[in-house]
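Here the structure is laid out as C-alpha cells; the discussion comes afterwards.
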Amino acid sequence: MPSPVDAVVVAEIEDLLAVPVVRLEELDGHPWVLRANLADGSPIIVKRPRPGGYGLRSAAELMRCERAALELLDKDLGLAHLGPRLLAAEPDTQMLVIEDLGPRTELARLLRHNGLTPELDDRLTDFAAAEGEIAAASAGRAADFATRRAELGTPAQELGDGEHAWTGLWRTAPERAAEFGVPMPDAAERDLRAAGAELAEPGPFLAFTNGDPEANNYLTMPDGDGRLIDFEGAGFRHALTAAAGFAVPGSLWMAVCGERQIAAFRTALGRGIPEAEDDRRFGFGLASAAVVWTAIRSNELRKREAREPGDDSRIQLVAGLEAGARTADAYGVFPHFAAWCRSTAEVLRRCWPDTDVDTAAIAPYTWRSRP
C-alpha cells in the first residue's frame with residue numbers, strides 16, 4: 001500500500017500520462033527523483049522540485065532549467081542521443097517525466113568499484129567526447145536556451161549563466177588563504193583574477209554545459225552507449241569548465257589522469273569552435289578553469305584542518321593543489337598561482353604529517369572515502 005504522499009505522486013503521474021503506475025521507488029536517497037513502472041511495462045524517471053533549491057537556483061528554477069535543457073538538446077541541437085528524452089512535463093514544470101536510461105550504470109560507480117581499467121578509460125573518453133560534442137553544437141545558441149527558459153517563466157535577471165553554483169567562490173580564496181597563514185602574493189592573486197576573467201568572458205568558448213560534468217552524471221554501457229544526466233545546473237558558460245575535471249580532481253576523486261580525455265574533448269569541441277585548435281587559447285581556457293576550481297577548493301583549508309588526521313579530504317586537498325599547479329605549468333600560464341599552490345601544499349605537508357605522501361603515486365580515480 002503506497003504511503004499518502006506516494007499516492008498523491010502516483011495520482012499526479014497518472015493524470016499527466018493517462019497510464020496507471022504499478023510501482024514507485026525513490027532513487028539514491030533523493031526523494032525528489034523517482035523511478036516509476038507503468039502498467040504498459042515502461043520504466044520512467046520522475047523529477048519533482050528539490051527542497052530548498054541548490055546553489056544559485058531555486059527549486060522552481062532547477063526544474064525549469066532541466067526542462068529547457070532537455071528540450072534544447074532534442075529540438076534545437078538534435079542531440080537527444082546524448083541525454084535522456086523528456087517524455088512529459090506538467091504545464092507549471094513542477095513535474096518532469098524523463099526517459100529511464102537503465103540498465104546503464106553511473107561511470108563513477110564503476111570507477112569506484114573497479115579502478116581505472118582500460119575499458120573504463122574508454123568510457124571516460126566517451127564521456128569527454130560527449131561533453132565536447134554538446135559544447136561544439138551549442139556555440140552561438142545561447143539565445144535559444146534563454147528563450148526556452150523565459151517561456152517557462154524564468155525571470156530575466158536569472159538568465160545569465162556566466163557563473164554556475166561554484167564559479168564565483170574563487171573570489172574568497174585569497175582571504176581564506178590569508179586567514180590560514182598561506183597568503184597569496186599579489187602576483188598570484190593577479191593570476192587568479194585573470195583566470196576568473198577568462199571564465200567570465202569566454203568569447204567564442206561560450207557554450208552549453210550540464211553544469212556538473214562529473215562521472216556520476218554519465219551513465220554508460222559496456223558497448224560505449226553512454227548518456228549525460230542531471231541538467232538542473234545547465235547553462236551557457238565557458239566550454240572548458242566542462243573539461244577541468246579531467247585535469248584536477250573534483251569532489252569524488254583523490255587524483256585524475258585525463259590527458260586522453262582532454263584530447264577527445266578538444267577534438268569534439270573543435271568541430272564547432274575552431275578556436276579550440278589554437279594551442280594557446282585552448283590551454284589558457286583549460287588552465288583558467290583548473291585554476292579557478294583549485295582556488296575554490298582551497299577555501300576549505302580551515303574545514304579540512306578540523307578533520308581527523310588520515311581523513312582522505314586532507315590528502316585530496318594537497319593533491320588538488322599540486323594538480324592545479326601541474327595544469328598551469330603544462331600550458332605555460334599562471335606561474336605565480338602555480339607557485340602558491342606548490343608552496344601551500346608544502347606547508348600542509350608540514351602542518352598535517354598525514355598528508356606528506358607521494359600524491360603522484362595515487363592511482364587515478366581513487367575514490368575519496370567519506371566517514
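Here the structure is a predicted model, which is why all the values come from computation and not from measurement. If you read the sequence from its start, that first residue is 1, and numbering goes on from there.
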Is there a side-chain contact between [X] and [Y], using heavy atoms and a 4.5 Å cut-off?
X: His336; Y: Pro185; value: no
X: Ser313; Y: Glu300; value: no
X: Ile13; Y: Leu17; value: yes
X: Glu71; Y: Glu151; value: no
X: Asp191; Y: Pro335; value: yes
X: Leu72; Y: Phe236; value: yes
X: Ile229; Y: Ile45; value: no
X: Ser298; Y: Trp340; value: yes

Could you grab the distance from atom [atom1] of [X] to atom [atom2] of [Y], nearest 0.5 Å is fine?
X: Asp126; Y: Leu107; atom1: CG; atom2: CG; value: 9.0 Å
X: Leu16; Y: Gln94; atom1: CG; atom2: CD; value: 12.5 Å
X: Leu228; Y: Leu73; atom1: CG; atom2: CG; value: 8.5 Å

Would you say the side-chain atoms of [X] pair up with the backbone N or O of [Y], donor to acceptor, closer than 3.5 Å?
X: Arg370; Y: Arg368; result: yes
X: Glu131; Y: Ala239; result: no
X: Arg176; Y: Leu301; result: no
X: Asn37; Y: Arg23; result: no
X: Asn217; Y: Asp212; result: yes
X: Gln316; Y: Trp253; result: yes
X: Arg109; Y: Glu106; result: no
X: Glu14; Y: Val21; result: yes
X: Arg57; Y: Leu62; result: no
X: Trp367; Y: Leu111; result: no

Fill in: Centroid-centroid distance, Phe246 to Phe265, less than 6.0 Å
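No: the rings miss the under 6.0 Å criterion.
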Worksheet, complete the sentence: side chain to side chain contact (heavy atoms under 4.5 Å, CB included) test vs Ile44 passes for just one of Leu96, Val19, Val97, Leu34, namely Val97
Discussion item. Before you tell me yes or no, could you show the steps for Arg302 and Glu305 under salt bridge (Lys or Arg N to Asp or Glu O under 4.0 Å), namely the whole-Å CA-CA distance, both residues' side-chain angles and the distance that decides it to 0.1 Å?
Written reply: CA-CA 5 Å; Arg302 286 290 185 203; Glu305 183 179 46; 3.1 Å; yes
Worksheet item: Is Phe284 linked to Leu206 within one hydrophobic cluster, defined over Ile, Leu, Val, Met, Phe, Trp and Tyr using a side-chain heavy-atom separation of less than 4.5 Å?
Response: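 Yes; tracing contacts between hydrophobic side chains, which count when under 4.5 Å, links both residues.
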Worksheet item: Same cluster for Leu87 and Leu152 if Ile/Leu/Val/Met/Phe/Trp/Tyr side chains link at under 4.5 Å?
Response: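 Different hydrophobic clusters.
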Worksheet item: Does Asp279 pair with Arg266 as a salt bridge, N-O distance under 4.0 Å?
Response: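 Looking at Asp279 and Arg266, the cut-off is met.
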Item to complete: Could you please spell out the steps behind the salt bridge (Lys or Arg N to Asp or Glu O under 4.0 Å) verdict for Arg50 and Glu66?
Response: CA-CA 12 Å; Arg50 178 196 292 246; Glu66 180 131 26; over 6 Å; no
Practice prompt. Please lay out, stage by stage, how Glu61 and Arg149 fare under the test salt bridge (Lys or Arg N to Asp or Glu O under 4.0 Å).
Written response: CA-CA 9 Å; Glu61 183 50 34; Arg149 291 173 65 191; 3.0 Å; yes
Worksheet item: Going through the distances and angles, do Asp28 and Arg35 end up as a salt bridge (Lys or Arg N to Asp or Glu O under 4.0 Å)?
Response: CA-CA 10 Å; Asp28 298 326; Arg35 171 175 282 122; over 6 Å; no
Worksheet entry | Heavy atoms of other groups near Glu25 CD, more than 12 under 6.0 Å |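 Result for CD/Glu25: enclosed.
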Practice prompt. Might you confirm whether atom CD of Glu201 has over 12 heavy atoms from other residues, nucleotides or ligands at distances under 6.0 Å?
Written response: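 Check fails, neighbour count at 12 or below.
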Fill in: Sequence-distant partners of Arg342, side chain to side chain contact (heavy atoms under 4.5 Å, CB included), two or more places apart
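Partners of Arg342 by the side chain to side chain contact (heavy atoms under 4.5 Å, CB included) criterion, ordered by chain and then number, come out as Ala325, Asp329, Ala338, Ala339.
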